[in-house]
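Written out below as structure tokens is the structure these notes cover.
Residue numbers begin at 1 in each chain, while the letters A, B, ... track the order of the sequences. These values consider heavy atoms only, across backbone and side chains, with no hydrogens, waters or symmetry-generated copies.
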Amino acid sequence: MKRYVPQKIEKKWQKYWEENNFYQAKDFSKKKKFYILVEFPYPSAQGLHVGHCRSYSAMDAIARKKRMEGYNVLFPIGWDAFGLPTENYALRTGIHPEIATKKNIANFKRQLKSLGLSFDWSREINTSDPKYYKWTQWIFLKLFEKGLAYQAEIPINFCPKCKIGLAQEEVIDGKHERCGEEVVLKKLKQWMLKITAYAERLIKDLKDLDYLEKIKTQQINWIGKSEGTEVTFKIENLDFEIKVFTTRVDTIFGVTALVLAPEHPLVEKLVKENGILKEGKIKVENWLEVKEYLKKSVRKSEFERTKLEKERTGIPLKGIFAINPINQEKLPVWVADYVIGTYGGGAVMVVPAHDKRDFDFAKRYQLEIREVVVPKEKNSPLSQPFVEDGVLINSGEFSGLTSKEAREKITRWLKEKGLGKKTVQYKLRDWVFSRQHYWGEPIPLVFCERCAKKIKEKMKEGKIKELEKEYQLGEILNPGWIALSEKDLPLKLPYLEKYQPTGTGESPLAQIEEWVNTKCPKCKGPAKRETDTMPNWAGSNWYFIGYLIKKRKEKNYEYWWDKKKISYWMPVDWYNGGMEHTTLHLLYSRFIYKFLYDIGAVPHPEPYKKRTAHGIVLGEDGRKMSKSFGNVINPDEIIKQYGADTLRVYEMFMGPFDQAISWSSQGVKGVFRFLERIWRLVIRFKEQSGKKVKNLEVESLVQQTIKKVDEDLEKCKFNTAISALMILVNRLEKEKNIQKRHLETLIKLLAPFAPHLAEQLWQELGHKNSVHLQKWPKYNLKLILKETFTLVVQVNGKVRDTIEASINISEEEAKELALRSPKIQKWLEKKKIKKIIFVRNKLINFVVE
RNA sequence: GCCGAGGUGGCGGAAUGGCAGACGCGCGAGGCUUAGGACCUCGUGGGAAAUUCCCUUGUGGGUUCAAAUCCCACCCUCGGCACCA
């Protein structure tokens, strides 16, 4: 073939590789295993995004290289198929989610295959496949059994017009994005998972993992561990305590108010009793205003509530006072929605002199500002709060102590009085695991009135031991909720003609009476099924295990929790994904894996050894690709025009892998030209007839290229690896007669990036076997080292000359050489040399006055 | 607001304490061609008294023989913020 026509070769090789099972990973092979994982796609109606192509191509290059290095590589793929977008798409188009999902998967699969990615398709999974989600449900049952799943009342966004629960993202400016109706919060009972029980381990175990540093930092900050003191403030004339968490108990003498979140138990108590407590002995004088304020804040999301300082508002509970435990001082109590109910007990002590937010709040509402900590040396003016540690003043017996000492002593003092203790707080919150949607895994629980009654009674009688014999921990903690037995899994999602909202905020499943009404597995009495479904995270929590335990039986398959296989393949050696998943999916799946480890279902405490991240691909205009901007690039069209290899190489060459980057149509052309030039190089070689001359310089460059490509691939520096290949090609083009072994090395190095082209050229060179079965080239350090180097000569740090010098020369020799240069002589004229800096094989710098 | 990342030619970027601008795109000149495209060769940060010198890595300051790189302050852009995946 004279010309490079990718369309003519790519399909051919894809078929060849598939028919010969090139990329099937072998369980229990004697070769060293290497498990490469990419985040499996959500099969949306839009089709594959060029962003998928970028990260998959890059990790495919790693997989191909590892295979050439002799590893037993597992590089699987599947579909994260449950989720809200498909359900919304179905509502819009009338196409059932199951059908839409099937169609979308077929399209995604065709697109991925056309890229020539070396996935092991025999292990393909689909989270909406009942055989798969049987195990998703099984994991939930285990969590329930161990008491890590519990019910709690949580407010959800609700559209009163559409009568449907909404996801955060469907709410825009407090309104439902589809109908524009004002969204309200509705409290519903939701299943929660106790991820907070694992907070400490999720931080601690990061230490030994090879994650990008920024990923570790983000996870640690997300978990948000802080050590401090819990201080108990009593309410005057009322048997009620407010527990406040603070990391700065040393500033306790500077407290001038308490501020409660609108969700705080005291506020809720007041709401219930309409602002009047103890039969009128305590009364909130401005109750009407407070009620109005609470109403408003209920509409705001947490994000809005903490966003803008200027909008930070509050309202006093007039007539209610708290007592500062340290000095019995009476403090006003406020409600403010910048205080978050879910963190630190939903209450803060206001110390305006030593906290920025408190300072602003105090200024706004004319609260007292009392200075109790001063810097060790100078005095601070009070235009700004002093937020650092210092020395205590105006603090009774604690005055004169440093902040650090004071925190210890005050905490001890409080503890002795029973008014406080040392505690640890996490920002991490338990995970809301219920969704009022159709397109998700059904939660395998039923509610049984009879069992509920029985459990509650026995609890009252204190017969816990008896209960424990009959019921699981989850069943005791959530009286009435009974787990399905394992043998009844999967609990299949019933096919529903109308998955439209029910009008009550419940899941559409609640409509199917014959499905909802069932028998209690424990007492065989009447029971009702849970109608909420799981969030789409449920299926992606453990999907990397799903690939391992898919078991083929002739034409059929099933999943079987095979610990031997899991032990062979786990942990994942290299997991790549988007930065946007760092705090949710990545943390959730680590939690679930740790839980599975605790119950003995998996052999290690951490699922992923190494985690890297890719940046997103933006449109040519620098904005996110989106239909509404009209800047979406369809990979199908690029493949049609230039071929898959060009698309792959371009996306790896376009910029640093971990950064967001704009698409460039011109850049694609450039890469195509590069591949064409390699093609022509091989064709030219086949026609050349002259005598081959050994060229040490080319030899060295080939070796350098091997080193560069090898090392850059390990560091995800795909762009510079490709640029190294370009430099080699540029050089080889200048050779009159190219050596075959140089070309062979080039093609082997190219194989991970442009697998089809490399395969074709390998055959063109007369080989019968595949380039992908060759050994990865090794470089020879001796051949890289050259005899000379460019000595940079500086005067006062500025480059004034460069001299070719032999390698490893001494400072004396370099000095002599440099002083011989007329340029340098000119710069040193009439100047006294004060100092000489010499860096071996690099530079010499003359420092003159 | 909180947490994280980033800012270098006309553009994507390279260089992580030692020659700023590798490699690619674009552009310019020339070659080939009836012509265009493709291809090949050379050039391409800015300024000037142009073989030489000065300036230049968001802005201002600092450390160092030497700073895009380290430190401090500020400005701008992007990602995440828990029911999108």
Among B/C83, B/G18, B/C39, which nucleotide has an atom closest to any side-chain atom of A/Lys842? B/G18
Any side-chain N or O of A/Lys717 below 4.0 angstrom from OP1/OP2 of B/A22? no
Proximal nucleotide (of B/G79, B/C19, B/C54) relative to the A/Glu580 side chain: B/G79
Among B/C19, B/C53, B/A22, which nucleotide sits nearest the side chain of A/Gln794? B/C19
Do A/Tyr132 and A/Trp542 have ring centroids that are under 6.0 Å from one another? yes
For B/G79, the Watson-Crick or wobble partner whose two distances fall under 3.5 Å: B/C3
What form does the base of B/G9 take, syn (within 90° of 0) or anti? syn
Using 30° and 60° as the class boundaries, would you call the ring planes of A/Phe245 and A/Tyr343 parallel, tilted or perpendicular? perpendicular
For A/Glu651 and B/G12, give me the distance from atom CD to atom C1', rounded to whole Å. 14 Å
Parallel, tilted or perpendicular: which fits the ring planes of A/Phe672 and A/Tyr4, with parallel below 30° and perpendicular above 60°? parallel
Would you say the rings of A/Tyr133 and A/Phe82 are close, in the sense that their centroids are separated by under 6.0 Å? yes
Calculate the interatomic distance between A/Asn796 atom CG and B/A67 atom P; express it in whole Å. 11 Å
From the set B/C40, B/G13, B/C83, return the single nucleotide nearest to any side-chain atom of A/Ile661. B/G13
May I ask which nucleotide in the shown strands pairs with B/C11, Watson-Crick or G-U wobble, both distances under 3.5 Å? B/G24
Closest to the A/Val799 side chain: B/C19, B/G24, B/A5? B/C19
Can you check the A/Trp537 CH2 to B/C84 P distance for me, whole Å? 8 Å
